[in-house]
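Data first, discussion second: the structure below is written as structure tokens.
One-based numbering along the sequence shown.
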Amino acid sequence: MTSPAAARGEAVRRRLVAAAMELIPERGWTAVSTRVLAERAGVTPSVVHYHFPSVQAVLVEAVLGAMRAVAAGFEPLVAAVGSAGELVDAMVAAVEQYTGADPTSLLFVEAYLAATRDDGLQAGMARVLADLRAVISDHLRQLGVAQPEDTAAVLAAAVDGLLLHRAIGPEVAPDVAGVLRRLV
């Protein structure tokens with residue numbers, strides 16, 4: 001059983017992470033300051049640094065949590081398909097909700113850019129992507145697809161590419177699933 005103080009501390013951490021998830025897409029990674037984060041979370045700036053070593057640490061935790069949640073959403077989709085073509089269709093359908101202008105898309109775009117300057121963020125994102133590729137490649141192997149690891153890497157990169165391209169302009173090739181089906 002956790003103490004009331006520990007529970008309050010965990011609630012504050014969750015509020016800080018939730019505030020970061022809102023602020024990154026709204027303002028951009030580098031515009032999230034201690035003051036802005038604290039204000040959004042409803043705490044004093046000193047509380048931010050009591051719970052996290054830096055604002056960057058809050059942002060990293062927020063992004064990696066969001067990425068893990070999105071990746072986890074792919075697992076039941078992957079498990080439910082009976083062919084590589086169905087897997088492609090399910091993956092493409094799963095990203096249709098992301099327009100490129102929605103908060104999750106913008107969060108991920110900001111994170112990819114920030115990862116070029118933050119080795120810890122880059123390593124965390126690499127782990128999330130490696131785990132997702134492992135889920136996809138394991139299922140592709142069960143479906144008898146040649147080179148399942150390489151195929152999973154290309155599919156994951158294509159899905160990421162769709163999301164990144166939508167941030168620039170939503171006009172993505174109309175038959176993305178058809179093209180990817182031919183690849184698998």
Side-chain angles (χ1 to χ4, degrees), residues 17-18 20-30 32 59-184:
V17 168
M21 286 177 60
E22 293 172 2
L23 288 165
I24 294 167
E26 287 175 18
R27 295 177 176 240
W29 192 277
T30 58
V32 180
L59 303 181
V60 168
E61 186 168 320
V63 163
L64 292 179
M67 289 186 152
R68 283 187 206 100
V70 169
F74 277 92
E75 290 184 34
L77 294 173
V78 171
V81 300
S83 72
E86 288 176 13
L87 173 61
V88 167
D89 292 341
M91 290 179 71
V92 170
V95 299
E96 286 302 315
Q97 65 183 307
Y98 304 111
T99 64
D102 64 279
T104 301
S105 295
L106 295 173
L107 180 71
F108 288 8
V109 168
E110 288 286 335
Y112 270 92
L113 179 60
T116 65
R117 296 178 183 93
D118 182 319
D119 293 339
L121 176 59
Q122 185 180 51
M125 289 172 65
R127 280 190 301 277
V128 171
L129 292 172
D131 292 345
L132 176 61
R133 286 192 306 262
V135 167
I136 296 168
S137 67
D138 287 347
H139 199 65
L140 289 172
R141 185 176 296 101
Q142 292 171 8
L143 295 171
V145 172
Q147 298 180 294
E149 290 83 9
D150 293 344
T151 304
V154 170
L155 285 175
V159 168
D160 273 352
L162 288 172
L163 296 176
L164 292 172
H165 282 233
R166 285 185 180 152
I168 303 302
E171 312 82 28
V172 178
D175 189 25
V176 171
V179 172
L180 291 175
R181 265 188 255 105
R182 286 193 300 274
L183 293 175
V184 298

Residues 176-184, side-chain donor-acceptor partners within the protein, below 3.5 Å, at least two apart:
unit_1	atom_1	unit_2	atom_2	d
Arg181	NE	Asp89	OD1	2.8
Arg181	NE	Asp89	OD2	3.4
Arg181	NH2	Asp89	OD1	3.0

Under 3.5 Å, which donor-acceptor pairs link side chains of residues 68-78 to any protein atom two or more places apart or in another chain?
none

N/O donor-acceptor pairs under 3.5 Å from side chains in residues 105-116, not counting sequence neighbours:
unit_1	atom_1	unit_2	atom_2	d
Ser105	OG	Gly100	N	3.3
Ser105	OG	Asp102	OD1	2.6
Ser105	OG	Asp102	OD2	3.4
Glu110	OE1	Trp29	N	2.9
Tyr112	OH	Asp160	OD2	2.4
Thr116	OG1	Leu113	O	2.5

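Listed by first and then second residue, the salt bridge (Lys or Arg N to Asp or Glu O under 4.0 Å) pairs that reach into residues 118-129 come to none, sequence neighbours excluded.
For Glu22, the side chain to side chain donor-acceptor pair (under 3.5 Å) partners are Arg40, not counting sequence neighbours. Glu96 is linked by a side chain to side chain donor-acceptor pair (under 3.5 Å) to Arg166, counting only residues two or more places apart in sequence or in another chain. Listed by chain and number, the residues in a salt bridge (charged side-chain N to carboxylate O under 4.0 Å, His left out) with Asp131 amount to none (sequence neighbours excluded). Scanning for side chain to side chain contact (heavy atoms under 4.5 Å, CB included) contacts around Gln142 gives His139, with sequence neighbours left out. Contacts of Arg27 classified as side chain to side chain contact (heavy atoms under 4.5 Å, CB included), with partners at least two apart in sequence or in another chain: Leu23, Ala31, Val36. By the side chain to side chain donor-acceptor pair (under 3.5 Å) test, Gln122 is found to be paired with no residue, residues two or more places apart in sequence or in another chain being considered.
Leu64 places a side-chain heavy atom less than 4.5 Å from the side chain of Val60. Side-chain contact check for Leu132 versus Val128: every heavy-atom pair is 4.5 Å or farther apart.
Taken from CD1 in Ile24 to OG1 in Thr104, the straight-line distance is 11.5 Å, to the nearest 0.5 Å. Distance check: Met67 CE to Leu121 CG gives 7.5 Å after rounding to the nearest 0.5 Å.
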Verdict with reasoning, Thr151 to Leu155, per side-chain contact (heavy atoms from CB on, under 4.5 Å): CA-CA 6 Å; Thr151 304; Leu155 285 175; 4.3 Å; yes

Derivation of the side-chain contact (heavy atoms from CB on, under 4.5 Å) call for Leu59 and Val63: CA-CA 6 Å; Leu59 303 181; Val63 163; 5.6 Å; no

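Closest non-hydrogen pair, Ala20 versus Ala62, comes out as CB-CB, 3.8 Å.
For Glu26, the CD atom is densely surrounded, since the number of other residues' heavy atoms within 6.0 Å is greater than 12.
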